[in-house]
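Following: one structure in structure tokens, then a few remarks.
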Amino acid sequence: MSNTSASKPVVLLAEVLSPATIEALGPDFEVRQVDGTDRPALFAALADADAVLVRSATKIDAEALSHAPKLKVVARAGVGLDNVDIKAATTAGVMVVNAPTSNIVSAAELTIGHIISLARRIPAANASLSSGAWKRSSFTGAELFEKTVGIVGLGRIGALVAARLNAFDMRVIAYDPYVTSARAQQLGVQLVTLEELTAEADFLTIHMPKTPETTGMIGAEQFAAMKPSAFVVNVARGGLIDEAALHEALVAGEIAGAGLDVFTSEPPQRAAPHRHCWACRTSSSPRTWGRAPRRRRRRPVCRSLARCASHSAATWFRMP
Ligand SMILES: NC(=O)C1=CN([C@@H]2O[C@H](COP(=O)(O)OP(=O)(O)OC[C@H]3O[C@@H](n4cnc5c(N)ncnc54)[C@H](O)[C@@H]3O)[C@@H](O)[C@H]2O)C=CC1
Ligand SMILES: O=C(O)CCC(=O)C(=O)O
């Protein structure tokens, strides 16, 4: 049954989404747009919204929710929910839905891309060749074969990364206090402590959500414990790595390099003295990992949104 225009629930799109994702909402909603990073505009637009659809740049916190008297659902077109205050939403009686598999393959593949780039020094070789040099022996790098990769956070993306790196005949270890040894074994992964992982990993790759517990979890202590030949990769969330400590570790040669797709502030702010070191020791990308087009996987979030906005059952998250 289709609503008339006057009675259609209002879905507020607070970020840019693909036309296919918007199409998946169907004809039963009045779709409005706002720039979710413009807080006054967001607050004004939330006044009439039954649902708000966000990616990662829009903060739906208690203050935003206080401007949304009609809101029934916050839908996250993606995985991470660190930009949504689930507790405040629950208190306000607002459901929160996400698309937990929407971009996990994309994220895992980008992780492999950064690992290979770092191992074979592809960004530095590319910069050198682009400047007109031909230094064949400077960029040989190292193979992944029989090296150790340490995965911090063995969830959906961590498991996909493990499967791909097992195919390279790497030794795959992981730290995740919430995963059983049986599950790890099934994935061909050995569970270890964080201390063992930092000491043994040739590549440390992070796949955890950003929470108060995980923020800054990889910092000066971990870098000091790592091999000087080791690389760190973060395509999860800015802030999981202590960036100041990372800069110091790169400058001091405590680790060999870093592969980064996410930053504490985006675009990243880096102090001038670190620029040279950064350019030659990193493989970085401007948060591209969730972006490889596979829009089909986002459609379920639109279906969940539609069900929630019309008060029927859906996959949703609540704090206890
Ligand atoms: N920037 C981007 O484009 C994207 C970022 N992400 C980020 O990646 C994160 C991971 O995604 P998924 O693998 O799909 O999530 P997931 O929920 O399947 O896995 C997360 C894993 O982290 C583990 N974990 C939680 N706290 C931990 C701790 N203190 N120490 C070690 N492990 C811990 C959990 O036990 C779980 O196994 C998301 O929360 C999101 O923030 C995900 C997709 C795209
Ligand atoms: O939505 C984005 O900007 C990228 C994907 C992401 O951050 C996520 O799925 O957690």
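Remember, it's 1-based here, ligands and their atoms both numbered in the order they're listed.
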- Item | R39 side chain vs K59 backbone, donor-acceptor pair below 3.5 Å | yes
- Which of the numbered atoms in ligand 2 are below 4.0 angstrom from a heavy atom of N103? 5 (C), 8 (C), 9 (O)
- Query: Which part of T214 is near ligand 1, with near meaning a heavy atom under 4.0 Å away: side chain, backbone, both or neither?
  - Reply: side chain
- Item | Exam field: side chain N234 to backbone R237, donor-acceptor pair closer than 3.5 Å | yes
- Task: Report yes if some heavy atom in the side chain of L204 is under 4.5 Å from a heavy atom in the side chain of I206; otherwise report no.
- Result: yes
- Any N/O pair D176/ligand 1 closer than 3.5 Å: yes
- Message: Just to be sure I read this right, does ligand 2 sit under 4.0 Å from the backbone of R237, its side chain, both, or neither, counting only heavy atoms?
- Response: side chain
- Proximal candidate to atom 40 (C) of ligand 1 [heavy atom criterion; set G78, G158, G80]: G80
- Query: From N103 CG over to R55 CZ, what is the distance, rounded to the nearest 0.5 angstrom?
  - Reply: 8.0 Å
- Task: Any chance you could measure T198, atom OG1, to L194, atom CG, to the nearest 0.5 Å?
- Result: 5.5 Å
- Message: I'd like to check whether N103 has a polar contact with ligand 1, where a contact means an N/O of the residue lying under 3.5 Å from an N/O of the ligand.
- Response: no
- Message: Tell me whether I151 shares a hydrophobic cluster with L187, the cluster being built from Ile, Leu, Val, Met, Phe, Trp, Tyr side chains joined at under 4.5 Å.
- Response: yes
- Query: What atoms of ligand 2 come within less than 4.0 Å of a heavy atom belonging to S56?
  - Reply: 1 (O), 2 (C), 3 (O)
- Item | Heteroatom distance test (S102, ligand 2): nitrogen or oxygen, under 3.5 angstrom | no
- Message: Check for me whether R76 has a heavy atom closer than 4.0 Å to any atom of ligand 2.
- Response: yes
- For ligand 1, which atoms, with element, lie under 4.0 Å from some heavy atom of V262? 1 (N)
- Where ligand 1 meets P209 - atom numbers and elements under 4.0 angstrom, heavy-atom basis: 20 (C), 22 (O), 25 (C), 39 (O)
- Task: Looking only at distances, please establish whether an N/O atom of ligand 1 is found under 3.5 Å from an N/O atom of M217.
- Result: no
- Identify, with sequence neighbours excluded, every residue that meets salt bridge (Lys or Arg N to Asp or Glu O under 4.0 Å) alongside E266. R287
- Can you check whether V79 has an N/O within less than 3.5 Å of an N/O in ligand 2? yes
- Here the atoms of ligand 1 under 4.0 Å from any heavy atom belonging to P177 are 30 (N), 31 (C), 32 (N)
- Message: In the structure I gave you, are the side-chain heavy atoms of V232 and Q222 within less than 4.5 Å of one another anywhere?
- Response: no
- For R55, the ligand 2 atoms with a heavy-atom partner under 4.0 Å come out as 1 (O), 2 (C), 3 (O), 4 (C)
- Query: Would you find a donor on one side and an acceptor on the other, under 3.5 Å apart, between the side chain of K210 and the backbone of L240?
  - Reply: no
- Note on the structure: Those residues at least two apart in sequence (or on a different chain) that pass side-chain contact (heavy atoms from CB on, under 4.5 Å) with D35 are T37, D38
- Task: Taking atom types as modelled, find out whether T205 and H114 have a side-chain donor-acceptor pair closer than 3.5 angstrom.
- Result: no
- In terms of atom number and element, which parts of ligand 1 are under 4.0 angstrom from non-hydrogen atoms of I104? 14 (O)
- Distance filter under 4.0 Å to V79 heavy atoms, resulting ligand 1 atoms: 11 (O), 14 (O), 38 (C), 42 (C), 43 (C)
- Query: Side chain, backbone, both or neither: which part of M208 has a heavy atom under 4.0 Å from ligand 1?
  - Reply: both
- Message: Residue-level breakdown please: for L154 versus ligand 1, do any non-hydrogen atoms fall below 4.0 Å on the side chain, on the backbone, on both, or on neither?
- Response: backbone
- Where the side chain of E200 meets the backbone of T148, is there a donor-acceptor pair that is under 3.5 Å apart? no
- Query: Which ligand 2 atoms, with their elements, are less than 4.0 angstrom from a heavy-atom of G78?
  - Reply: 9 (O)
- Donor-acceptor pair, side chain of D176 and main chain of L154, under 3.5 angstrom: yes
- Query: Quick one: does A107 get within less than 4.0 Å of ligand 1, heavy atoms only?
  - Reply: no
- Message: Using modelled atom types and a 3.5 Å cut-off, is there a donor and acceptor pairing between side-chain atoms of R32 and backbone atoms of A49?
- Response: no
- Query: Which of the atoms in ligand 2, numbered in the order shown and given with their element, are less than 4.0 Å from a heavy-atom of G80?
  - Reply: 8 (C), 9 (O), 10 (O)
- Query: Got an N/O contact under 3.5 Å between R237 and ligand 1?
  - Reply: yes
- Task: Answer yes or no: does an N/O atom from V152 fall short of 3.5 Å to an N/O atom of ligand 1?
- Result: no
- Task: May I ask you to check if ligand 1 and D261 share an N or O to N or O distance below 3.5 Å?
- Result: no
- Cut-off 3.5 Å, side chains only: do S56 and N83 have a donor facing an acceptor? no
